[in-house]
Amino acid sequence: MPLARSLSVTSLSGLEEWDEEFDREDAVLFEIAWEVANKVGGIYTVIQTKARLTCEEWGENYFLVGPYMESSVRTQVELIEPCNATLRRTIDKMNSSGCKYAAQCDEPPHIVAHFHEWLAGLGLVLCRQRQLPVATIFTTHATLLGRYLCAGSVDFYNKLAEFNVDKEAGDRQIYHRYCLERAAARCAHVFTTVSQITAIEAEHLLKRKPDIVTPNGLNVKKFSAMHEFQNLHAQSKARIQEFVRGHFYGHLDFNLDKTVFLFIAGRYEFSNKGADIFLEALARLNYLLRVNHSEVTIIAFFIMPARTNNFNVETLKGQAVRKQLWDTAQTVKERFGKKLYESLLVGQLPDVSKMLDKEDFTMMKRAIFATQRQCLPPICTHNMLEDSSDPILNCIRRIGLFNSAQDRVKVIFHPEFLSSTSPLLPVDYEEFVRGCHLGVFPSYYEPWGYTPAECTVMGIPSVSTNLSGFGCFMEEHIADPSAYGIYILDRRYRGVDESCNQLTSFLFQFCQQSRRQRIIQRNRTERLSDLLDWRYLGRYYVSARHMALAKAFPDTYIYEPQEPTSATGFRYPRPASVPPSPAHSLHSSPHHSEAEDEEEPYDEDLEVEKDRVNIRQPFNLPNRNKNQTVGLPEKN
């Protein structure tokens with residue numbers, strides 16, 4: 001099944017005319033999801049980051065509806081009285097009569113109800129069954145049956161058309177939930193998904209082709225100067241290096257300045273998230289680095305929450321030893337500095353042989369003795385409850401990556417979400433991502449993929465696949481994704497072994513880059529963040545709501561979909577300068593030196609200017625509190 005372009009998933013500038021407006025003065029938008037102020041997965045991020053843009057569009061006529069979770073309400077919700085009189089009466093009525101819907105209004109507004117996922121789908125089905133005057137939208141971020149099928153190690157995408165969906169759902173005891181999801185998709189005025197790959201999946205499993213694809217975006221923070229996010233990378237990398245010094249104490253036989261940090265993060269779905277193929281590629285990469293006598297060391301982090309009972313004692317000891325060594329060095333430095341100061345005060349050059357006395361040497365010898373270690377650095381930072389059956393640990397045992405001195409690839413499994421209050425690695429997720437060099441997400445089932453998108457926004461290169469929504473989106477909009485730090489792994493048309501070899505090749509090429517080449521690539525990656533800004537991608541939601549209003553209230557609203565043009569919109573070209581490959585980059589540091597060649601193949605300012613030409617300025621939504629009269633459809 002080729003990922004063909006269509007009106008609903010054309011490139012961003014394919015939807016060219018965004019001057020059209022429709023009257024929202026008498027329209028109200030409700031967005032309903034289980035993850036409103038209730039963090040479970042990626043839908044929480046979608047709704048949270050999109051809320052500001054939607055508020056600009058709808059103002060006080062925008063309402064989010066979700067479950068009342070006491071713990072979430074205390075930290076994420078500000079309790080206020082509704083300013084809308086109709087809504088106030090409705091809520092009072094619901095509170096007094098056991099949450100039975102009742103609304104009273106002399107002139108009822110046109111209501112748009114946007115439901116996310118099957119958990120909220122029941123409300124949509126009842127709206128249609130009771131024939132309520134509501135324009136409905138249903139968005140599936142990942143089909144329920146699709147998740148279960150992929151978890152069962154089936155050839156999912158090549159057999160989509162062959163599945164007996166009712167039997168498959170019944171066999172997995174999810175038939176009731178599957179029917180609810182399918183009914184919501186079939187009943188909605190407008191059905192949307194988050195990516196083209198999920199649209200194909202939904203068409204076969206839910207038996208309806210999506211009307212429009214609404215890609216997930218982020219609120220992008222742009223820096224005033226290019227070097228600012230590079231400085232953040234350096235600061236965060238230093239924090240990670242401190243952790244590594246403690247974790248590998250006694251076996252720190254590699255150069256941290258020549259160490260590359262890779263990571264994979266997300267739900268612990270060993271196969272769906274691609275942890276299996278990542279580990280296999282790391283084993284092959286380890287072999288390549290050893291036979292080529294590479295000085296580069298790879299440290300691969302696995303940030304996937306699993307069942308644990310506490311921190312690993314050996315890991316905690318490592319951080320304690322590191323801190324003890326630091327304190328010892330500071331004490332000796334202070335004593336040394338005091339003697340140097342006193343010597344200079346009397347006008348004499350210090351006698352270096354007398355600057356350190358026996359007590360200083362004793363302190364340092366004790367500190368060195370404390371770094372002696374009889375075991376290898378631990379793979380896992382925590383004590384796993386199911387160590388013998390854990391997929392990641394069993395795979396590591398099979399491939400033999402045990403953090404030995406001979407291994408050029410080291411592995412650290414952190415089975416817990418990152419937190420700045422952790423005694424082991426005291427950084428939050430954003431800071432950790434900024435400090436790494438490459439995010440690796442070779443997912444087999446990834447309807448969108450927020451993790452590589454977050455990497456892109458922070459200027460960190462990443463590996464994605466052509467089975468993820470993010471990977472397909474980037475392939476469609478960038479002529480040469482790898483030059484911009486977006487490596488697209490082919491898991492759709494290649495077998496597992498071929499895909500693993502391709503991933504190994506990506507990682508080996510990345511390891512060969514010099515520091516300067518990585519800086520160039522990060523600059524290019526960060527410039528792609530405009531593509532993922534809600535200021536761009538929010539327009540798809542605007543179109544979906546307009547379409548739903550036109551279908552539900554055809555006498556009031558008009559929606560005329562545009563025909564796709566032959567010019568399918570902007571597409572980032574290849575970089576204006578030479579790609580950052582080891583064969584072409586001349587400089588190993590970000591600053592030009594006299595000893596280096598005069599010819600410079602990379603012009604940052606010129607490349608930035610040419611890239612900016614290929615993308616429009618973000619569109620600005622009209623202020624909801626102002627009366628808009630241009631282009632409004634006539635009302636009866």
Side-chain angles (χ1 to χ4, degrees), residues 6-10 15 18 20-34 36 43 46-47 50 54 57-58 61-65 101 103 105 108-141 143-144 179-196 198-199 201-203 205-215 537-563 632-636:
S6 66
L7 170 65
S8 58
V9 288
T10 187
L15 298 172
W18 286 93
E20 57 173 329
E21 297 294 339
F22 57 94
D23 189 2
R24 304 184 190 92
E25 292 298 328
D26 65 343
V28 176
L29 172 62
F30 289 92
E31 199 157 0
I32 305 98
W34 183 255
V36 171
I43 302 174
V46 174
I47 294 172
K50 183 172 59 66
T54 312
E57 179 189 359
W58 290 83
N61 285 6
Y62 174 50
F63 303 96
L64 285 164
V65 181
Y101 179 83
C105 185
H110 296 116
I111 297 175
V112 181
H114 190 159
F115 299 85
H116 293 266
E117 287 293 291
W118 68 271
L119 287 164
L122 181 59
L124 187 153
V125 175
L126 291 176
C127 283
R128 298 308 305 278
Q129 191 266 337
R130 297 174 183 178
Q131 299 182 353
L132 299 179
V134 176
T136 57
I137 305 172
F138 181 68
T139 297
T140 180
H141 297 258
T143 68
L144 183 68
C179 288
L180 179 57
E181 181 181 40
R182 182 169 170 177
R186 298 294 297 272
C187 291
H189 289 102
V190 174
F191 175 44
T192 79
T193 61
V194 296
S195 64
Q196 171 68 349
T198 314
E201 174 187 340
E203 186 176 358
L205 300 186
L206 301 181
K207 307 304 180 183
R208 178 175 177 180
K209 182 179 180 180
D211 300 290
I212 189 169
V213 168
T214 51
L537 302 182
R539 59 185 66 183
Y540 290 103
Y541 279 86
V542 175
S543 182
R545 294 174 197 129
H546 194 171
M547 186 188 300
L549 282 168
K551 287 185 176 182
F553 309 107
D555 295 335
T556 305
Y557 296 96
I558 301 173
Y559 177 80
E560 296 180 358
Q562 301 174 17
E563 291 298 326
L632 297 180
E634 296 182 359
K635 294 185 177 178
N636 296 330

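Positions are given from 1 along the sequence. Because the structure is predicted, anything quoted here is derived from the model rather than measured.
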Can you check side chain to side chain contact (heavy atoms under 4.5 Å, CB included) on Val194 and Val213, steps first, answer last?
CA-CA 6 Å; Val194 296; Val213 168; 5.9 Å; no
Step by step, would you call Tyr62 with Glu31 a side chain to side chain contact (heavy atoms under 4.5 Å, CB included)?
CA-CA 8 Å; Tyr62 174 50; Glu31 199 157 0; 2.7 Å; yes
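Side chains of Thr140 and Thr193: no donor on one and acceptor on the other come within 3.5 Å. Of the N and O atoms on the side chains of Ser195 and Thr198, at least one donor lies less than 3.5 Å from an acceptor on the other residue. Side chains of Ser543 and Tyr559: a donor-acceptor N/O pair is present below 3.5 angstrom, by distance only.
Closest non-hydrogen pair, Leu206 versus Phe191, comes out as CD1-CZ, 3.9 Å. Smallest separation of non-hydrogen atoms from Asn61 and Phe63: C-CE1, 3.9 Å. In terms of heavy-atom proximity, Pro133 sits nearest to Phe553 at O-CZ, 3.5 Å.
Note that CE of Met547 is 9.0 Å distant from CD1 of Ile137, once rounded to the nearest 0.5 Å. Distance check, rounded to the nearest 0.5 Å: NE2 of His114 to OG1 of Thr54 gives 9.5 Å. Distance NE2/His546 to CD1/Ile558: 8.0 Å, rounded to 0.5 Å. The NE2 atom of His110 lies 8.0 Å from the CG atom of Leu549; values are rounded to the nearest 0.5 Å. To the nearest 0.5 Å, the span separating CG on Leu124 from CD on Gln129 amounts to 12.0 Å. How far CH2 of Trp58 is from CG of Leu29: 5.0 Å, rounded to the nearest 0.5 Å.
In this structure, the side chains of Val65 and Val36 stay at 4.5 Å or more apart for every pair of heavy atoms. Side-chain contact between Ile111 and Phe30: present, with at least one pair of heavy atoms (C-beta onward) separated by less than 4.5 Å. Cys127 is listed as a side-chain neighbour of Leu132, based on a closest heavy-atom distance under 4.5 Å. Looking at Thr192 and Asp211, their side chains never come closer than 4.5 Å, going by heavy atoms from C-beta outward.
Checked by atom type and distance alone, the side chain of Glu181 never pairs as donor or acceptor with a backbone atom of Gly121 at under 3.5 Å.
In this structure Val46 satisfies the side chain to side chain contact (heavy atoms under 4.5 Å, CB included) test together with Lys50, His141, Asn216, Tyr450, Trp534, Tyr541, sequence neighbours excluded. With sequence neighbours excluded, the residues satisfying side chain to side chain contact (heavy atoms under 4.5 Å, CB included) with Ala120 are Ile32, Phe115.
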Which donor-acceptor pairs under 3.5 Å do side chains of residues 182-190 form with protein atoms, sequence neighbours excluded?
unit_1	atom_1	unit_2	atom_2	d
Arg182	NH1	Tyr178	OH	3.1
His189	ND1	Thr136	N	3.0
His189	ND1	Thr136	OG1	3.0

